[in-house]
Amino acid sequence: MHATVVTLFPGLFAPWLTSSVVGRAVVGGLVTVDFVDLRELGEGRHRVVDDRPFGGGPGMVLMAEPVVQAVEQARGRHGPAVRTLLLTPQGRRFDQRFAEELATAPDGFVLLAGRYEGIDERAIEVLQPEEVSIGDFVLSGGEAAALVILDAVARLVPGVLGHEDSATEDSFSGPERLLDHPHYTRPASWRGHEVPPVLLGGDHGAIAAWRREQRLARTRARRPDLLEPRGDKEGACSPES
Ligand code: SAM
């Protein structure tokens, strides 16, 4: 996975890129994340990248020229099929399918993190990015959204997770895209709460059947929308199955 982030705050990413699962993937060369610092493309001695909005109103707007130059620089580090994603609350909702698409993007992807009131619309017209949102709420900048996307995609890269299979068994994953089943670990009895006996019996068939039942029951109770058939859902299962 190769991603380039265009941002005013590349320093916000360092702890995440050097810790835990993703940190190991970066060290191992499975994941590469680099940056174009928008500030370096700013105007004049003060490297100005923003200005007041035409028409008045609160806040500042990122200017088109530095944004376009930065994204062009970022795209230049990738092959011709690079995907460019503008982080915005107004975009397509990011989800597991989207993460899977990005994990297999042959020339990687560029993430453009906005700040202030957003980006001069003409930069968006010129760059024609895919607009992507991580949810119906407003962040103060695109960096937190970029981290969410980078993390969700990186863990899908083969070899990044210890267990090759574990990502396909997570919620929203695998052919059925159900919620995950509950998990338990030692001790088997804890504060009067017992582990379901089937998990202690060593019958792998029975365990698999119990887990699938749990996945279906949870999905039905918490996210029935996931059980509704959709055109592109491989092996969609009905609540009765
Ligand atoms: N005025 C914009 C609007 O209401 O659509 C919000 C601007 S927000 C304060 C600043 C930046 O944070 C945005 O340009 C975007 O990059 C990022 N951002 C905020 N919420 C986001 C979300 N839900 N998903 C992705 N990016 C988000």
Side-chain angles (χ1 to χ4, degrees), residues 1-17 22 31 33-43 46-75 77-78 82-103 105 108-156 170-172 223 225-226:
M1 171 188 133
H2 178 199
T4 302
V5 186
V6 176
T7 169
L8 272 175
F9 299 100
L12 289 177
F13 294 78
W16 176 83
L17 286 174
V22 176
V31 167
V33 181
D34 49 36
F35 299 92
V36 174
D37 185 344
L38 201 46
R39 181 67 63 196
E40 288 176 8
L41 295 155
E43 277 179 0
H46 296 294
R47 301 267 179 232
V48 175
V49 293
D50 59 318
D51 211 334
R52 293 204 185 84
F54 280 124
M60 301 294 273
V61 177
L62 286 169
M63 292 189 296
E65 186 58 30
V67 168
V68 168
Q69 279 187 26
V71 170
E72 285 170 348
Q73 206 178 98
R75 282 174 171 168
R77 300 179 187 175
H78 296 255
V82 61
R83 293 177 68 165
T84 305
L85 282 76
L86 167 64
L87 299 155
T88 163
Q90 302 178 25
R92 167 186 168 190
R93 181 78 66 85
F94 185 69
D95 61 12
Q96 193 67 18
R97 290 167 197 271
F98 204 154
E100 289 164 11
E101 279 177 31
L102 294 177
F109 55 98
V110 170
L111 295 171
L112 171 55
R115 277 270 155 182
Y116 316 123
E117 290 307 313
I119 293 170
D120 187 314
E121 193 65 22
R122 294 165 297 178
I124 300 168
E125 287 163 16
V126 166
L127 293 168
Q128 302 268 308
E130 299 173 61
E131 300 191 24
V132 55
S133 164
I134 63 160
D136 288 352
F137 44 80
V138 179
L139 301 163
S140 51
E143 289 76 13
L147 278 174
V148 166
I149 291 176
L150 290 168
D151 190 278
V153 177
R155 64 193 300 285
L156 298 178
D170 283 329
S171 297
F172 317 114
R223 289 292 304 274
D225 58 297
L226 295 175

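Note that ligands are numbered from 1 as they come in the structure, with each ligand's atoms numbered from 1 the same way.
Inter-residue side-chain proximity for Leu85 and Glu130 is flagged as met; some heavy-atom pair is nearer than 4.5 Å. Counting only heavy atoms from C-beta outward, the side chains of Met1 and Leu150 approach each other to under 4.5 Å.
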Can you list, pair by pair, the side-chain donor-acceptor contacts under 3.5 Å of residues 138-148, counting residues two or more places apart and other chains?
| residue | atom | partner | partner atom | Å |
| --- | --- | --- | --- | --- |
| Glu143 | OE1 | Arg115 | NE | 3.0 |
| Glu143 | OE1 | Arg115 | NH2 | 2.9 |
| Glu143 | OE2 | Thr7 | OG1 | 2.6 |

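Looking at residues two or more places apart in sequence or on another chain, you find no salt bridge (Lys or Arg N to Asp or Glu O under 4.0 Å) involving Asp37. Applying the salt bridge (Lys or Arg N to Asp or Glu O under 4.0 Å) test to Asp95 and every residue at least two apart in sequence or in another chain returns nothing.
The aromatic rings of Phe13 and Phe35 lie tilted to each other, with the angle between the two planes from 30° to 60°.
For ligand 1, the protein residues within 4.0 angstrom (heavy atoms only) are Leu87, Thr88, Pro89, Gln90, Gly114, Arg115, Tyr116, Glu117, Gly118, Val132, Ser133, Ile134, Gly135, Phe137, Val138, Leu139, Ser140, Gly141, Gly142, Ala145.
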